[in-house]
Colleague: 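Quick one: the structure is below, and I'll ask about it shortly.
Every chain is numbered from 1 and lettered A, B, ... according to where its sequence line falls, protein lines coming before strand lines.
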Amino acid sequence: MKNKTFRKAEPYIWILPSIILMAIFILVPIVFVFRMSLSEVSKAGIIRGFSGFANFTKVMNSSAFKLVLRNTIVWTVAVVVLSTVLGFILALMLNNEFRGRKIARAIMVFPWATTLVIQASAWKFIIDTDYGTLNTLLLRLGIIDKAINWTPTAGAYFTWEIACGIFVTIPFVTFCVLSGLQSIDTSYYEAATVDGASYWQQLFQITMPLVSSSLTVSTVLNIIYVFNSFPIIWTITKGDPANHTDTLVTYLYKLAFYNGKQGQAAAVSVIGFTILLICASVYMVYTLRKGDD
Amino acid sequence: MKKFAALFLTVSMVCGLAACSSNSGGGSSDGGSESKDEGGSDGKVAINVIAAQYGQNTKTWWEDFVKEFTTEYPDIDLTVEVESWNDIYTVVNTRISNNDAPDILNIDVFANYQADDLLLPAEDFVSKETYDKMYPAFLEQSNVDGTIWAIPDLASARAMYYNADILKDANVEVPTTWDELTAACEAIKKHDSKIYPWGIDMTTDEGQAAFAYYTWNNGGGFVDDDGNWILNCDENVEAIEYAIGLVNDGYTNSDPANDTRYDLQDMFGAGQVAMMIGPNSIPTYIADGGYSINYEVAPIPTNGGNDSVSAGVMDRFMCFDNEYSDAELDAIKTFFDFFYEDARYSEWVLMEGFLPATSTGGEILAKEDESMASWVDIVGSCNFYPTAKTEWDDVKQGVINAEQQALLGGNVKELLDELQAEIAE
């Protein structure tokens, strides 16, 4: 009897350390952020008492927040969608047999293996009007005769940041899809070829359904990573000018550590968390339901 | 079941990744500081300091300082943690939130900590002898309701730097007024369209300095004589419109909202910017960067017959009220006496090319270096940001935002009116 009880409890004992660690390092900070978002917090970071939804109201009423929220949606959708499409195409290419495939795959890892701050600094250096390498290259090649301002507007800056985001995200998608592609049995393609299926038919009828689970994982993780991404925007523009390139994460950082409004920063954090939770849940449930069907 | 598992997985992932990427600091508490430990088990009195990193030499300087200090005072266990300007606010606020305020903090602002009753009055943690060395005007910058809450550790002052060769080639005199400045910019632009005649930094890091340069030299500023905010006064509107006009006329660097002071200094060193307003540390920066341009320093151009006003920036030491014993308070006083010993303090100031905040330090440096003497005079008479006011963080970010909105085409008057109303709330 005693042995049976132990058997039942044993799996839980084994996972107990992980649960304790998760509770300490994940749940506790989240609870603190929620608490802070509902509190009046002094500029030095001391909680002065419960303030209800005052922080949320202040945040929602600020004109900057609407702009930042729109930027965050554009940033997340553009980076995730484009990097997924491009990563998928690259994975299809790298799945083919060709000379130097191993080298090509290794090169793909570089953007992923380099830290985001370094990547973003390199992009900033490339596009700079006054000393950027892009202008220098084009001038030396004689393609242009005077330096071009690649970032004349806030929108142009944001587009470059999105391009940088796509560049660093592609390898992750590529490798996720590649792992899915390599698990597909080649006999499916052989049978389809015998039946006269075209390349596109094979792609949409065999490849896509069979890598959909890999794509789901990479997309959900990317939504979370990209939504929360801080280094690219912070390194290139710090959200300037006037919040026009800010996303929720850079905006809340400024609120907390530049304006000393930690309660409002926590409220933005909670809003971001909620949006992310809803989007990722809907996407995952929808994709898996489709799989069931 | 599968859907439930998917939902659970998603929630866990979002939670995990949100927690990992959260920068807002989780810790919080209901009150300032907790009672300090009575030193180590070896009977030593422990003091911990968080210091700002001014440059590449700061860390080494503090390491040497700790060695010398602990050799001379073996009963005091001194720890100095040097933090970059990017991290120091995060570190300090997180520590305060977690009831772990440092004993001594070296940073630029103090008002938020004072407003939360976290600090000791300066005269409680500095000996009279050391306190008397400080320039009274500097101490006044940390005055709230008649009490001085922090002591200055160093200062820097700003002036206009110009590339003498470019001005000579363009046949331009050194501008002293805004009209002359506009004319000089036009002439330089005509002389060489690749050169930016004037450098402007309106970034998140230093946009408040740009606001100060133009408004102070047009008879405006952040506050009036009674300390009331006057952000939307006519002089300020005119000043910011003038600065934005220089950008719109193509006389400045192409991206003032993103070109930092260091970008401008590099461009100035490379001869790409003809004139800019910058700190007294520029000569060191230019020499260290290996640049070789022929440059001079002049007062900041003014408007409307106002005298040229230099902008001063001052950093401070403050002491958190960690319920010290007499022995601990004595140890803290000893720390400051040791730090402000004239020779050591001169070394500290020169380490990264700053200016002294003590009269004795000023005398020593002025004697040693003639070029330093003029800067010591400038810093003694320049204006400072109103950092003793708790609204300063909001004002600082507010004026930067107004400048950047104006760069995007916003109406300066409306932007400053909006900011003034927001601060007055």
Colleague: Run the numbers on A:Lys261 and B:Asp393 for salt bridge (Lys or Arg N to Asp or Glu O under 4.0 Å), then give the verdict.
Modeller: CA-CA 9 Å; A:Lys261 295 175 178 170; B:Asp393 286 342; over 6 Å; no

Colleague: Tell me, for B:Gln405 versus chain A, whether the close heavy atoms (under 4.5 Å) come from the side chain, the backbone, both or neither.
Modeller: both

Colleague: Of B:Tyr89, B:Trp85, B:Tyr385, which meets side-chain hydrogen bond (donor to acceptor under 3.5 Å, both in side chains) against B:Asp108?
Modeller: B:Tyr89

Colleague: Under 4.5 Å heavy-atom distance to chain B, tell me which part of A:Phe227 shows up: side chain, backbone, both or neither.
Modeller: neither

Colleague: Yes or no on side chain to side chain contact (heavy atoms under 4.5 Å, CB included) for B:Asp321 and B:Asp117, after CA distance, side-chain angles and deciding distance?
Modeller: CA-CA 8 Å; B:Asp321 184 3; B:Asp117 293 328; over 6 Å; no

Colleague: Run the numbers on B:Met267 and B:Asp259 for side chain to side chain contact (heavy atoms under 4.5 Å, CB included), then give the verdict.
Modeller: CA-CA 10 Å; B:Met267 285 195 267; B:Asp259 291 333; 4.1 Å; yes

Colleague: Find the one option among A:Thr129, A:Val31, A:Thr237 whose heavy-atom pairs under 4.5 Å with chain B are most numerous.
Modeller: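 With the most close heavy-atom pairs to chain B, the winner is A:Thr237.
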
Colleague: Need one label for A:Lys146: side chain, backbone, both or neither, based on atoms under 4.5 Å from any heavy atom in chain B.
Modeller: neither

Colleague: Do you see a donor-acceptor pair shorter than 3.5 Å between the side chains of B:Arg316 and B:Ser142?
Modeller: yes

Colleague: Between A:Ser42 and chain B, which part of the residue has a heavy atom less than 4.5 Å away: side chain, backbone, both or neither?
Modeller: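 When you check distances to chain B, atoms from both the backbone and side chain of A:Ser42 fall under 4.5 Å.
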
Colleague: Can you check whether anything in residues 189-203 of chain B gets within less than 4.5 Å of chain A, heavy-atom wise, and list it by number?
Modeller: B:Tyr196, B:Thr203

Colleague: Can we say A:Arg70 and A:Asp246 salt-bridge, meaning some charged N sits less than 4.0 Å from an Asp/Glu carboxylate O?
Modeller: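 Salt bridge between A:Arg70 and A:Asp246, a charged N being under 4.0 Å from a carboxylate O: no.
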
Colleague: Is B:Asp394 paired with A:Lys43 through a side-chain N to carboxylate O contact shorter than 4.0 Å?
Modeller: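 A salt bridge is present here (some side-chain N lies under 4.0 Å from a carboxylate O).
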
Colleague: Would you say the rings of A:Tyr225 and A:Trp112 are close, in the sense that their centroids are separated by under 6.0 Å?
Modeller: no

Colleague: Out of A:Asp130, A:Ile223, A:Leu255, A:Asn243, which one racks up the most heavy-atom pairs below 4.5 Å with chain B?
Modeller: A:Asp130

Colleague: Establish, yes or no, whether a centroid distance under 6.0 Å links the rings of B:Tyr113 and B:Trp149.
Modeller: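 No, they do not, as the ring centres are separated by 6.0 Å or more.
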
Colleague: Counting heavy-atom pairs under 4.5 Å with chain B, which one of A:Ala44, A:Gly272, A:Gly49 comes out on top?
Modeller: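 If we count pairs closer than 4.5 Å to chain B, A:Ala44 comes out on top.
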
Colleague: Would one find more than 12 heavy atoms of other residues, nucleotides or ligands at under 6.0 Å from atom CZ of A:Phe50?
Modeller: yes

Colleague: Measure B:Leu407 against the heavy atoms of chain A and call it side chain, backbone, both or neither at under 4.5 Å.
Modeller: neither

Colleague: Measure distances from B:Asn401 to the heavy atoms of chain A and classify the residue's part below 4.5 Å as side chain, backbone, both or neither.
Modeller: both

Colleague: Looking at A:Lys124 and A:Asp128, does any basic side-chain N land under 4.0 Å from a carboxylate oxygen?
Modeller: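 No.
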
Colleague: At a 4.5 Å cut-off on heavy atoms, which part of A:Asn149 comes close to chain B: side chain, backbone, both, or neither?
Modeller: side chain

